[in-house]
Amino acid sequence: MTVQQSIEGKVAIVTGAGGGIGQAIALAMAAAGARVVINDVGVSLHGEGGSPSPAMQTQAMIQERGGEAVINTDSVSEWDTAKRIVECAVDSFGQVDIVVNNAGILRDAIFHKMSPEDWLAVINVHLNGSFFVSRAASEHFRQQGSGAFVHMTSTSGLIGNVGQANYSAAKLGIVGLSKTIAMDMRRFGVRSNCIAPFAWGRMTDSIPDDTPEQKARVERLQQMTPDKNAPLAVFLASDQAQEVSGQVFAARNNELILMSQSRPLRSVQRSEGWTPQLIAEHGMPALRAGFLPLEASADVFSWDPV
């Protein structure tokens, strides 16, 4: 059985599918034979406004290629509206088999200048939205004994980034959410995985390009088009990925990367216990060799994508 055969006839919800990575995944799901719910509220990168036009463009592209898709413009960030997204899939196609949690906004600011409103806005869309949509779909997955979640995390959360405390916290939280879903729902035949996508788009086009070094980095990033992430999402949603769950992948141009997950690096033990002074004199020196540097995503992924 090929991946296309194993996804044929399934129903996929793709949130934030009006453009960028979400649109590329929705198109790829449809091309592989899935019927797609295009969820997009049509807001700006900062979560402002709202229009069905982006979702309509994705739907038109799918239909032009012979696929089936419906539009849903409910927000992922509220429980009641997230339930309506899943209800749209069931009402339109009779089932739901795949959820791709891709919807997102940005409200970047240096931590000491980040407002509570900007913190909550990003957490509500990325982290709460991933929970709400997944939770709404989980009952259908449990009853039918199958289902696949694909969540979008980010190296901003896995590694770190400057000025993105809200986004980083949400994206790392999604990894914990996905891992627990994978463990809790394994007995129902449900899988859950994360992708840290690399792609040039409106979520990255604010990256500065004032210096020659910055310009060179932006040129490299622009090679990483949104569609480079779609094959991995389709595979993870397919029956071919039955043995893949609880993992974190990255798709970087033509690279597929399996990311590490937190595990103990070093330990030090004293049978009589510790005092603050003993920690300073013995504990920290023993552990220090395992400290991780304060690197941003760009520091870790420093090689050119090919």
Side-chain angles (χ1 to χ4, degrees), residues 1-17 19-39 58-59 61-70 86 89-90 92-103 130 133-134 137-138 140-142 144-153 174 178-179 181-182 185-186 188-199 224-259 305-306:
M1 178 183 288
T2 66
V3 170
Q4 182 160 351
Q5 289 170 330
S6 73
I7 205 173
E8 189 86 37
K10 293 185 184 291
V11 175
I13 295 170
V14 184
T15 68
I21 293 170
Q23 183 181 78
I25 291 173
L27 293 174
M29 291 283 183
R35 295 165 289 172
V36 181
V37 175
I38 303 162
N39 167 259
T58 303
Q59 183 187 44
M61 295 169 72
I62 289 174
Q63 292 176 338
E64 286 169 3
R65 302 172 190 186
E68 291 184 69
V70 296
V86 175
V90 176
S92 300
F93 299 122
Q95 65 194 70
V96 59
D97 305 286
I98 300 159
V99 169
V100 180
N101 285 309
N102 170 78
S130 295
V133 179
S134 298
S138 66
H140 297 278
F141 286 2
R142 183 180 65 84
Q144 68 198 24
S146 65
F149 293 106
V150 180
H151 314 274
M152 295 297 148
T153 183
I174 286 170
S178 176
K179 189 62 175 284
I181 291 173
M185 301 202 71
R186 173 170 50 185
F188 303 118
V190 176
R191 296 170 289 104
S192 182
N193 293 284
C194 289
I195 297 174
F198 285 77
M224 297 185 283
T225 53
D227 61 285
K228 295 288 188 176
N229 301 276
L232 179 57
V234 172
F235 166 76
L236 291 174
S238 75
D239 293 340
Q240 295 270 67
Q242 286 289 352
E243 304 303 317
V244 183
S245 193
Q247 305 306 310
V248 181
F249 301 95
R252 189 173 186 263
N253 207 27
N254 296 320
E255 282 180 293
L256 295 180
I257 302 164
L258 176 65
M259 300 295 290
V306 294

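Atom-to-atom distance recorded for Ile98:CD1 and Lys10:NZ is 6.5 Å, nearest 0.5 angstrom. Gln23 contributes atom CD, which lies 12.0 Å from atom CD of Gln59 (distance to the nearest 0.5 angstrom). Expressed to the nearest 0.5 Å, how far CD1 of Ile62 lies from CD1 of Ile38 amounts to 4.0 Å. Residue Ile181 holds its CD1 atom at 9.5 Å from CZ of Phe141, rounded to the nearest 0.5 Å. A distance of 12.0 Å separates CD1 in Ile195 from CD1 in Ile174, rounded to the nearest 0.5 Å. Interatomic distance, NE2 of His140 versus CD of Gln95, reported as 11.0 Å (0.5 Å rounding).
Closest heavy-atom contact between Ala26 and Thr58: CB-CG2, 4.1 Å. Here the closest non-hydrogen pair linking Cys194 and Thr153 is CB-CG2, 3.9 Å. In this structure, Met259 and Phe249 approach most closely via the heavy-atom pair CG-C, 4.3 Å. Here the closest heavy-atom approach between residue Val86 and residue Val133 is recorded as CG2-O, 3.9 Å. When all heavy atoms are compared, the tightest approach of Ala137 to Phe149 is CB-CE2, 4.3 Å. Minimum heavy-atom separation, Ala199 to Asn229: CB-ND2, 3.7 Å.
Asn39 places no side-chain N or O within 3.5 Å of a backbone atom of Val14 that could act as its donor or acceptor partner. Of the possible polar contacts, one joining the Asn193 side chain to the Val244 backbone as a donor-acceptor pair under 3.5 Å is found. The main-chain N or O of Gly9 is found under 3.5 Å from a side-chain atom of Arg35 such that the two form a donor-acceptor pair. Proximity of a side-chain donor or acceptor of Asp97 to a complementary backbone N or O of Val11 within less than 3.5 Å is detected. Between the side chain of Gln144 and the main chain of Val96, a donor-acceptor pair closer than 3.5 Å is present.
For the pair Leu236/Gln247, no side-chain contact is recorded, criterion being any heavy-atom separation below 4.5 Å from C-beta on. Side-chain atoms of Ser92 and Val37, non-hydrogen and from C-beta on, never get closer than 4.5 Å to each other. Met152 places a side-chain heavy atom less than 4.5 Å from the side chain of Val100. Taking 4.5 Å as the limit, some side-chain heavy atom of Asn254 sits within range of a side-chain heavy atom of Lys228. Under the 4.5 Å side-chain criterion, counting only non-hydrogen atoms from C-beta, Val190 is not in contact with Ser138. Residues Ile7 and Met29 have side chains in contact (heavy-atom distance under 4.5 Å, counting atoms from C-beta outward).
Residues satisfying the salt bridge (charged side-chain N to carboxylate O under 4.0 Å, His left out) test with Asp227, not counting sequence neighbours, are none. Residues passing the side-chain hydrogen bond (donor to acceptor under 3.5 Å, both in side chains) test with Ser178 are Ser192, sequence neighbours excluded. In this view, Glu255 and Arg252 satisfy the salt bridge (charged side-chain N to carboxylate O under 4.0 Å, His left out) rule, not counting sequence neighbours.
Using a 3.5 Å distance cut-off with no hydrogens or angles, the side chains of Gln240 and Ser6 do not pair a donor with an acceptor.
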